[in-house]
Protein chains: 4
Amino acid sequence: MTTPRNSERRTHLVQLAGDLFAEKGFRATTVREIADAAGILSGSLYHHFDSKESIGDELLSAFLDDVLAGYRAAAAEPDPRRAIEQIVRSSTATLSRHRAALTMLQNDWTYFSAQPRFAYLRTAMKEIEQTWIDQLDRGRESGLFRADLDTRLTYRLLRDILWIPTSWAQSKNAWTDDQIVDGLLRLLFDGITAR
Amino acid sequence: MTTPRNSERRTHLVQLAGDLFAEKGFRATTVREIADAAGILSGSLYHHFDSKESIGDELLSAFLDDVLAGYRAAAAEPDPRRAIEQIVRSSTATLSRHRAALTMLQNDWTYFSAQPRFAYLRTAMKEIEQTWIDQLDRGRESGLFRADLDTRLTYRLLRDILWIPTSWAQSKNAWTDDQIVDGLLRLLFDGITAR
Amino acid sequence: MTTPRNSERRTHLVQLAGDLFAEKGFRATTVREIADAAGILSGSLYHHFDSKESIGDELLSAFLDDVLAGYRAAAAEPDPRRAIEQIVRSSTATLSRHRAALTMLQNDWTYFSAQPRFAYLRTAMKEIEQTWIDQLDRGRESGLFRADLDTRLTYRLLRDILWIPTSWAQSKNAWTDDQIVDGLLRLLFDGITAR
Amino acid sequence: MTTPRNSERRTHLVQLAGDLFAEKGFRATTVREIADAAGILSGSLYHHFDSKESIGDELLSAFLDDVLAGYRAAAAEPDPRRAIEQIVRSSTATLSRHRAALTMLQNDWTYFSAQPRFAYLRTAMKEIEQTWIDQLDRGRESGLFRADLDTRLTYRLLRDILWIPTSWAQSKNAWTDDQIVDGLLRLLFDGITAR
DNA sequence: TATGAATGAGATTTCATTCAT
DNA sequence: GATGAATGAAATCTCATTCAT
């Protein structure tokens, strides 16, 4: 019925929609706005997708595939500090490629996670959490990290910080990706106190 | 016109609405759901408020008044480390009293900040940012914090982390408020590395 | 049930309502606005009136009683020119006492005239029309007015002009009632052409 | 976004809406009634217009464009008597093409003129007034009209009379447009008195 | 593939009116 | 007489989706 997933036109439309989602959120973006951006009428979108959620699905699943690939590669690293460093670096790179997906998760998590169709969101989140905790645990047990570190709590405190810098993309900030990653890693490993 | 702001009934309705907003976000919550929760018809809400946004306004402005009071008190502290510690502690306390407002800002920031009526959101955010940067600058200049600290970048990295623990309230997590604050402060000041 | 028609409080409320109707029209004025103007709650109005229409009824019937009294007095005048002059003079005087009623008729005639309760509006209008036509006919037949005068058409053209000056009351115009009446009579009898 | 302004369907809908507005006034006509008249659901109207007011806007601005064109053409006439005659004739012709707009102005002037969107209403009214006064002044100064003519007052007395005959259209009256115009001009220039 | 038109469910809001206290 | 709270019907508007052409 609808355009095949690898069609160029379709890919373009997904990207246009993604830009709008990144700006205003998934629910706040209307199908008409997407169509306007593409220069067609809203009904015509349904030749390519069978629903607005399909577009969201496409963006979100591509995003999580990418994220998880990065995490899995990082988890193969034997040194926990290096593993964490790699997680952070790969996350930052991935996120800048998927701004829309991130905004969608931040704004409309409740909406998506409640639907069976998006069950993979919860699964992926669990894998992400487990990866972090595993590395933090390994680092603590090996004496590399503080012995009193509550690894699960630390993960919770850290998780969201990772997703944030992406949303700065549109503002006129002066930082490069590298600066952000370095600042974040330094903060994470050493805190702000001088020695 | 509508019920006065200090009416008991009205306060109760704002709280009910807030609970729903905290759960599902502002826009995702319908006026009918609020009315249902109150056991009245949706139209009856308009006896007390002239719009759904008025309810939002009430929650958001109360929140920011509370936050800013805490920040101003903390800024009076002469020692920067103490000041930051107090910011974090007061934030955590404030946030747990305003879960709804926080969810609203996280989910629907674009929506609110675009409206003139909610211009105070941007103003408040600027004051919050300035307070953080001031304290970080003072700490760095006095040799208390690392000399190479990019204070604005650090603020950016930190800001959102502060708002997060609130959203855990509903989940059956095992941490007390104190544990969270202490974990956060430790992370902030010292990082995760063992010495 | 409700307050008796001659109660002072009630009269005062009718007047307040009338002021609002004159400004914004009957339907455009809400019961709440009337109550606000009176310093009470909207529900409390129903101790005095059993409906918003009752207030309208009171204003409209008082107006038409007054108008018709003036027309009937004028019709008793033997000289048609004098009769018409008196109609105009009495109308102007009457109208300035009933601005609200006039606005109601101008804005919401369709609304009122469709209701059985306001059947007297049509009756009164017919009497007004007949009075005009009678006087114009008498004047034409006696050679006082032009022989080719279409009296019914002339009435139609004139009727609304009569009601208008009232609506100027609030604007900062420089004319007295007398000036308006004289200008109107002169226009009516002699036109604008110089001789 | 919505259907373009020159779409046939859209034009048809505006006309349908206009018929209803002319009958019952703008505010008294519901969107559902318009949709019913068109044989569609009320929501479907918003495929073509973004609000009920847009329909009103379309009718009112078309009306005023038409009126002003007539006035400007008449103002080019060197002889004031001819100019006024032309104003009256063009007005009558214009008005019969825009019954809806006229009813809207008569019933709901307060509503429209209060909105920034309809600011052009006041502007147009001022131009209309100025045109009348200019021609009356010129006629008086050239000795064609009475020397004691209060031109501004006369305009005020005349203005509304011009708009009236339109509202007769639906009633089964016996006059042609020409009869009405001639009656009006005769009244205006010569009054009703025989010589 | 796209257009043009429409659906239909549901959202926010308005407002005259009622009534127990 | 008034308050405070609510009703209930109806209004305007939104938007994802459908479908004949």
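Protein chains get the first letters and strands the later ones, always in sequence-line order, with residue 1 at the start of each.
Each of D:His47 and B:Arg27 lies near DNA chain E, and the nucleotide nearest D:His47 is the one positioned closer to the 5' end. Between D:Ser42 and B:Ala38, the one whose closest nucleotide on DNA chain F sits nearer the 5' end is B:Ala38. Residue whose closest nucleotide on DNA chain E sits further toward the 5' end, between D:Thr3 and C:Ser51: D:Thr3. Nearer to the 5' terminus of DNA chain F, by closest-nucleotide assignment, is the contact made by B:Leu13 (compared with the other of B:Leu13 and D:Glu53).
Taking atom CD1 of A:Ile34 as the reference point, atom P of F:dT14 lies 17 Å away to the nearest angstrom. For the pair C:Tyr46 OH and F:dG4 C1', the interatomic distance rounds to 16 Å; values are reported in whole Å. Computed from coordinates, the A:Asp36 CG to F:dC15 P distance equals 12 Å when rounded to whole Å. Rounded to whole angstrom, the span from the NZ atom of D:Lys52 across to the C1' atom of F:dC13 amounts to 12 Å. The CG-P distance, from D:Leu45 to F:dA11, rounds to 14 Å in whole Å. For D:Leu20 and F:dA11, the CG to P distance is 13 Å, given to the nearest whole Å. When rounded to the nearest whole Å, the span between CZ of C:Arg32 and P of F:dT3 equals 13 Å.
Looking only at side-chain heavy atoms (C-beta outward), A:Ser113 and A:Arg122 come within less than 4.5 Å of each other. Inter-residue side-chain proximity for D:Arg27 and D:Met104 is flagged as unmet; no heavy-atom pair is nearer than 4.5 Å. Using a 4.5 Å heavy-atom cutoff, the side chains of D:Phe63 and D:Glu58 are not in contact.
Side chain to side chain, D:Thr103 and D:Asn107 fail the donor-acceptor criterion of an N or O pair below 3.5 Å. Remark: the B:Arg117 side chain and the B:Ser54 side chain contain an N/O donor-acceptor pair separated by less than 3.5 Å. Defined by atom type and a distance below 3.5 Å, a donor-acceptor pair is present between the side-chain atoms of D:Tyr120 and D:Asp57.
Regarding contacts with the backbone of F:dA2, a side-chain N or O of C:His48 is found under 4.0 angstrom from either OP1 or OP2. For the pair C:Ser44 and F:dT3, the criterion of a side-chain N or O lying under 4.0 Å from OP1 or OP2 is met.
Counting any heavy atom pair closer than 4.0 Å across all strands shown, D:Leu41 reaches a base atom. B:Thr29 comes within contact range of the sugar-phosphate backbone alone, with a heavy-atom separation under 4.0 Å but no base atom that close. At a threshold of 4.0 angstrom between heavy atoms, the contacts of D:Thr30 are confined to the sugar-phosphate backbone, with no base atom among them.
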Problem set entry | Intra- and inter-strand pairs of DNA chain F in dot-bracket (Watson-Crick or G-U wobble, both distances under 3.5 Å; | for another strand) | .||||||||||||||||||||

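Taking A:Lys52 as the reference, nothing meets the side-chain hydrogen bond (donor to acceptor under 3.5 Å, both in side chains) condition, with sequence neighbours excluded. Scanning for ring pair (Phe, Tyr, Trp, His ring centres under 6.0 Å) contacts around B:Phe112 gives B:Phe26, B:Phe118, with sequence neighbours left out. Under the side-chain hydrogen bond (donor to acceptor under 3.5 Å, both in side chains) criterion, C:Ser44 pairs with no residue at all, not counting sequence neighbours. Contacts of D:Arg32 classified as side-chain hydrogen bond (donor to acceptor under 3.5 Å, both in side chains), with partners at least two apart in sequence or in another chain: none.
Here chain A contacts DNA chain E (any atom closer than 4.0 Å to a heavy atom, that is under 4.0 Å), and the contacts span E:dA2 to E:dG4 from 5' to 3'.
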